[in-house]
2 protein chains.
Amino acid sequence: MSRNRASSLAAVAELAGVSTATVSNALNRPEIVAEATRERVFAAARQLGYVPSSVAAALRRGMSRMIGLVLPDITNPFYSAIADGVADAADEERYGVALCVSHDDPVRELRHFELLAQQRAVGALVVPLTAEPSRLATLRSVGTHLVLVDRIAERDEGCSVAIDDVLGGRIAAHHLLATRGPRLALVNGARSIEQCENRRAGARKALRQSGVDPDGMIEVTVDDMTIEEGRRAGVRLAASPQLAGVFCTNDQLATGVVRGLSEQGIRVPEDVAVVGYGDLALATEGPLGLTTVEQPKWLLGRTAVEKLVQEVADQQLAGAQHQHSATLFQPSLVVRDSAPAG
Amino acid sequence: MSRNRASSLAAVAELAGVSTATVSNALNRPEIVAEATRERVFAAARQLGYVPSSVAAALRRGMSRMIGLVLPDITNPFYSAIADGVADAADEERYGVALCVSHDDPVRELRHFELLAQQRAVGALVVPLTAEPSRLATLRSVGTHLVLVDRIAERDEGCSVAIDDVLGGRIAAHHLLATRGPRLALVNGARSIEQCENRRAGARKALRQSGVDPDGMIEVTVDDMTIEEGRRAGVRLAASPQLAGVFCTNDQLATGVVRGLSEQGIRVPEDVAVVGYGDLALATEGPLGLTTVEQPKWLLGRTAVEKLVQEVADQQLAGAQHQHSATLFQPSLVVRDSAPAG
DNA sequence: CTCGTCAATTTAATCGTTACAATTGAATGG
DNA sequence: CCATTCAATTGTAACGATTAAATTGACGAG
């Protein structure tokens, strides 16, 4: 088992017959080194199998090329799609991604923040739940930048990227109104969940814009946003006379509602149209393709990285102060069988 | 925007009126420092909001507390479950996880290896596809340890953890044989895929062990292991007389087969039983719960971390050489509606 | 021939920890 | 009372890079 030899700039410098400074320059700013020297350095580096230590570089520079990604659950497709975007973008920018799964546990989350601070991560992308300003203090204190994901930042918490849930709700409801008429139902999770509340608000807005009284919308609220709860909601809704369309605030509920309605002899989409939210794999896996609101998850992750990189760059240019910004992405409707067009 | 002050052991040392060495000891090996001193150091550290630099520590120690996780696709539930296990275990051991998504691209994979080598990661957990020994050389050369995940290591490639696909196939086929009799069909992906080949081998073994000629098993091979291809296979299989059970080498295929059979008026499970593989969300999301082979994905990730940690520990104890090991986990059958018990 | 200019390179000072060897007292034992 | 031992602490040399400032020549202008 070979131990790690051959390392160090110094060894390369010696072999190439130049100083370490020149080697460093040849590697990092090739343009300021004479071509002949540069080649000699490269050759020496190759010959020695030199692997630069970004650890040493990080120490000297005061920050490592590492981006923290803190999210509640990597097995959740919404988050793993974000992670995918983050990984791709970080890769392009030559940053590493430190994955931290908080499992909705504030203790863990805090531990992760400390870890990132200790690693002198250049920044952290946080999908918060428990992101009270106080927790973020540790990170800030060592100069770690912050980008909030899937939530709009307040005051000067930092940059943020999110998806417009109100618009998503509006789009969904609008589609149902336009294709089926005003007699709609909403199957939603607890309104204490911000996303649920916003999607509902969007749906009501759509109704109002069409001159329909939003209070006329049938609302079913479930505790767990699961297929089974959706099915039960579907069964209940089957009894509603003249029901034209159902908007469910996630795809699990929508799948369940379709199933529940079918059990009661109500056909989807012939009798009732159903729209889901999220565009999970689930939406295409069922026997009936689900019309649903798609979220640019991958882009969310990507943009978060870009904002972070921008923020770091801004800071390095001593001059300009960085201006935090919040980006709100627009979801879009994917029309499938459960609520076809026109 | 506050820059990062308050750092450094030295500051803490000064405030506590001791040397930096003592501060370092108080923090890392509290037991060798007198209690009074220790308290004084802690107090000083707290007062200054001291955040240790694991970067500097890593430089000094020659390795960082960072584990690389290289996998083909984080949005794939199989891999994200592994990642979840890795994240949990790493968290417990106070290691960081550097997420690298290779997207089946050797160029990217190589770049990731280089990145990890430069970061002086303590080790890498690699879910290979493209892991030819040559690629791993860079990592090895800087002393980065390696654990192969979802594949058995050869020779001295390193430790490895995997799941016994042959056994999984055997379990699935055995269940069908025991509950339905010998007239089985197999719906499989390309046999060039190791997992597919192994699951098939297991199924044939089960037949043989029951005294049935494995060549009598109907085999349908598909290019893409998707629901749609499964459906087509199901439609075709509906024509087979006396068909008792179908083993599909993933859950997408199984879902499709159930659908295809149903379309042709064959009822599952009354007329034909269907078993899938993987226990994805899909298995519980459909109208009919899928009997399927469950893989301990989370445990796979966890164990990979443990092996790595063990390997590092072994190496530190100058004495003993580390003995690489391969762990093969056993999958198990989850019985649901598509192929009920007895 | 001298001086300034400029590109190429080197010198040397960090960055924040760790760990080895050396030091300091105080306590123990003969 | 001196010699040991031992626990607690300290001085200091790395670890491997980056970078500001200094140095070196070479060259053209005056």
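Note on naming: letters A, B, ... go to the chains in the order of the sequence lines (proteins, then strands), and numbering restarts at 1 for each one. These numbers were taken from a predicted model, which means no experiment stands behind them.
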What is the distance, rounded to the nearest whole Å, between atom [atom1] of [X] and atom [atom2] of [N]?
X      : N      : atom1 : atom2 : result
B:L9   : C:dA19 : CG    : P     : 12 Å
A:L48  : D:dG16 : CG    : C1'   : 15 Å
A:R120 : D:dA17 : CZ    : C1'   : 17 Å
A:N28  : D:dA17 : CG    : P     : 10 Å
B:L59  : C:dT18 : CG    : C1'   : 10 Å
B:E31  : D:dT9  : CD    : C1'   : 15 Å
B:R61  : C:dA19 : CZ    : C1'   : 10 Å
A:Q118 : C:dT17 : CD    : C1'   : 13 Å

Check every atom of [options] against the side chain of [X] and return the nucleotide holding the closest atom.
X     : options                : value
B:R60 : C:dT17, C:dT9, D:dA17  : C:dT17
A:T20 : D:dT18, C:dT10, C:dT18 : D:dT18
A:V18 : C:dT18, C:dT10, D:dA17 : C:dT10

Sugar-phosphate only, base, or nothing, as touched by [X] at under 4.0 Å among non-hydrogen atoms:
X     : result
A:R38 : nothing
B:A34 : sugar-phosphate
A:T22 : base
B:V33 : sugar-phosphate
A:T37 : sugar-phosphate
B:V55 : nothing

Exercise. Applying the side-chain contact (heavy atoms from CB on, under 4.5 Å) test to A:L9, which of A:S24, A:P52, A:S53 qualifies?
Worked result: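 Passing option: A:S24.
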Donor-acceptor pair, distance only, cut-off 3.5 Å: does the side chain of [X] make one with the backbone of [Y]?
X      : Y      : answer
B:T20  : B:A10  : no
B:T144 : B:A121 : yes
A:R40  : A:A16  : yes
B:R65  : B:R94  : yes
A:S54  : A:A57  : no
B:S160 : B:V147 : no

For this session: Look up atom CD1 in B:I82 and atom CG in B:L125, then write down how far apart they are to the nearest 0.5 Å.
Result: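 Here the rounded value is 10.0 Å.
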I'd like a list of close polar pairs between nucleotides 4-6 of chain C and the protein, N/O only, cut-off under 3.5 Å.
none

Problem set entry | Nearest-nucleotide 5' precedence on DNA chain C, A:A21 against A:A56 |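 Nearest-nucleotide comparison on DNA chain C picks A:A21.
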Exercise. Does B:S53 have a side-chain nitrogen or oxygen under 4.0 Å from the phosphate oxygens OP1 or OP2 of C:dG16?
Worked result: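 Answer is no, no contact under 4.0 Å.
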Exercise. Can a side chain N or O of A:S24 be found less than 4.0 Å away from OP1 or OP2 on D:dT18?
Worked result: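 The answer is yes; a side-chain N or O of A:S24 sits under 4.0 Å from OP1 or OP2.
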